[in-house]
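Here the structure is laid out as structure tokens; the discussion comes afterwards.
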Amino acid sequence: MTNTPDSVVYQAVAEVTGGRGGHAHSHNPELELDLRVPTEMGGPGGGNNPEQLFAMGYGACFQGALALAAKEVGADVSQSVVRSSVGIGPEGESFALTVKMEVYVPGLELDQVQALANRTHELCPYSKATRGNVPVEVVAVASL
């Protein structure tokens with residue numbers, strides 16, 4: 001199933017040179033990053049990598065969708081924290097990703113947080129984009 005927006009209201013644009021060992025630049029607003037292969041993958045480290053950026057973007061999107069899910073049931077998630085972990089490893093001739101989303105909401109029982117996290121996973125655009133392609137584990141946690 002393809003999830004296509006009715007209209008595009010914002011489009012991020014970035015230019016990358018040199019791949020994982022290069023430089024990334026986004027527009028509107030400006031963001032510049034040196035990219036480096038992590039030492040765990042045989043690189044020099046010392047810079048950012050696509051997995052970090054994906055984890056940050058997915059985490060931010062998931063946090064926003066969590067607020068939407070909470071609104072449906074009248075829950076307060078204003079103090080919530082989402083920890084997103086993106087893993088990469090060999091798969092066939094290339095590599096593949098894994099994702100783990102840990103959701104912490106103080107003041108709610110774990111089963112309530114898990115229900116919210118599950119609903120968030122249905123709503124989040126990044127979750128929709130990864131569904132069926134990337135294994136994503138969504139877990140309520142008592143602390144981070």
Side-chain angles (χ1 to χ4, degrees), residues 1-5 7-71 75-144:
M1 177 180 162
T2 301
N3 296 294
T4 305
S7 65
V8 175
V9 295
Y10 171 78
Q11 183 165 309
V13 177
E15 297 162 5
V16 177
T17 57
R20 288 179 165 273
H23 187 79
H25 172 241
S26 75
H27 304 272
N28 196 23
E30 299 281 324
L31 175 64
E32 302 254 350
L33 293 170
D34 288 324
L35 302 173
R36 299 293 177 263
V37 176
T39 55
E40 297 87 346
M41 293 179 68
N48 296 101
N49 61 69
E51 291 70 40
Q52 289 174 317
L53 301 173
F54 185 59
M56 293 171 83
Y58 198 164
C61 189
F62 204 88
Q63 183 85 49
L66 179 64
L68 184 60
K71 189 176 182 181
D76 179 8
V77 296
S78 60
Q79 300 299 309
S80 64
V81 178
V82 173
R83 176 187 290 154
S84 53
S85 303
V86 174
I88 185 169
E91 185 267 331
E93 296 178 14
S94 183
F95 291 85
L97 300 175
T98 64
V99 175
K100 182 175 184 179
M101 305 300 285
E102 295 173 280
V103 181
Y104 168 65
V105 183
L108 293 182
E109 297 295 323
L110 272 182
D111 61 334
Q112 294 173 300
V113 177
Q114 188 63 56
L116 279 174
N118 292 343
R119 177 63 177 141
T120 300
H121 192 43
E122 294 173 0
L123 297 170
C124 176
Y126 276 60
S127 292
K128 291 177 183 180
T130 57
R131 191 166 290 119
N133 298 309
V134 176
V136 178
E137 180 184 7
V138 178
V139 181
V141 295
S143 66
L144 285 177

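Values below: all heavy atoms of this structure, side chains included; hydrogens, waters and symmetry mates excluded. If you read the sequence from its start, that first residue is 1, and numbering goes on from there.
Side-chain N/O atoms of Q114 and N118 include a donor and acceptor closer than 3.5 Å. Defined by atom type and a distance below 3.5 Å, a donor-acceptor pair is present between the side-chain atoms of Y58 and S127.
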Q: Apply salt bridge (Lys or Arg N to Asp or Glu O under 4.0 Å) to the pair R20 and E51, showing each step before the final yes or no.
A: CA-CA 10 Å; R20 288 179 165 273; E51 291 70 40; 2.5 Å; yes
(Q) Apply ring-ring contact (aromatic ring centres under 6.0 Å, His included) to residues H25 and H23 and explain how you reach the verdict. (A) CA-CA 7 Å; H25 172 241; H23 187 79; 7.3 Å; no
Q: Go through the steps to decide whether N48 and R36 satisfy the test side-chain contact (heavy atoms from CB on, under 4.5 Å), and finish with yes or no.
A: CA-CA 6 Å; N48 296 101; R36 299 293 177 263; over 6 Å; no
(Q) Test side-chain contact (heavy atoms from CB on, under 4.5 Å) on L116 and V103; report intermediate values, then the result. (A) CA-CA 9 Å; L116 279 174; V103 181; over 6 Å; no
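Here OG of S143 is found 9.5 Å from CD of E102. Values are rounded to the nearest 0.5 Å. For the atom pair CG of L123 and NZ of K128, the computed distance is 7.0 Å after rounding to the nearest 0.5 Å. Here the CG atom belonging to L53 is positioned 6.0 Å from the CG atom belonging to L33, to the nearest 0.5 angstrom. With rounding to the nearest 0.5 angstrom, the CZ atom of R83 is 12.0 Å from the OH atom of Y104. In this structure, CE in M56 is found 9.0 Å from OG in S84, a value given to the nearest 0.5 Å. For the atom pair I88 CD1 and F54 CZ, the distance stands at 11.0 Å (nearest 0.5 Å).
More than 12 heavy atoms of other residues, nucleotides or ligands lie within 6.0 Å of CD in E32, so this atom counts as buried by the packing criterion. For Q79, the CD atom is loosely surrounded, since the number of other residues' heavy atoms within 6.0 Å does not exceed 12. Other residues, nucleotides and ligands place no more than 12 heavy atoms under 6.0 Å from the CD atom of E109. Within 6.0 Å of atom CE in M41, more than 12 heavy atoms from other residues, nucleotides or ligands are found, so the atom counts as buried in its surroundings.
Nearest approach of V77 to A67, heavy atoms of both residues: CG2-CA, 3.9 Å. Here the closest non-hydrogen pair linking S80 and L66 is OG-CD2, 3.5 Å. Nearest heavy-atom pair across D76 and V105 is O-CG1, 3.7 Å. Considering every non-hydrogen atom in both T120 and A69, the closest pair reads OG1-CB, 3.5 Å.
R131 contributes a side-chain N or O that, together with a main-chain N or O of H121, makes up a donor-acceptor pair within less than 3.5 Å.
Of the candidates V139, V86, V138, V139 is the only one forming a side-chain contact (heavy atoms from CB on, under 4.5 Å) with K100.
Side-chain contact between V16 and L35 is present, with at least one heavy-atom pair separated by less than 4.5 Å.
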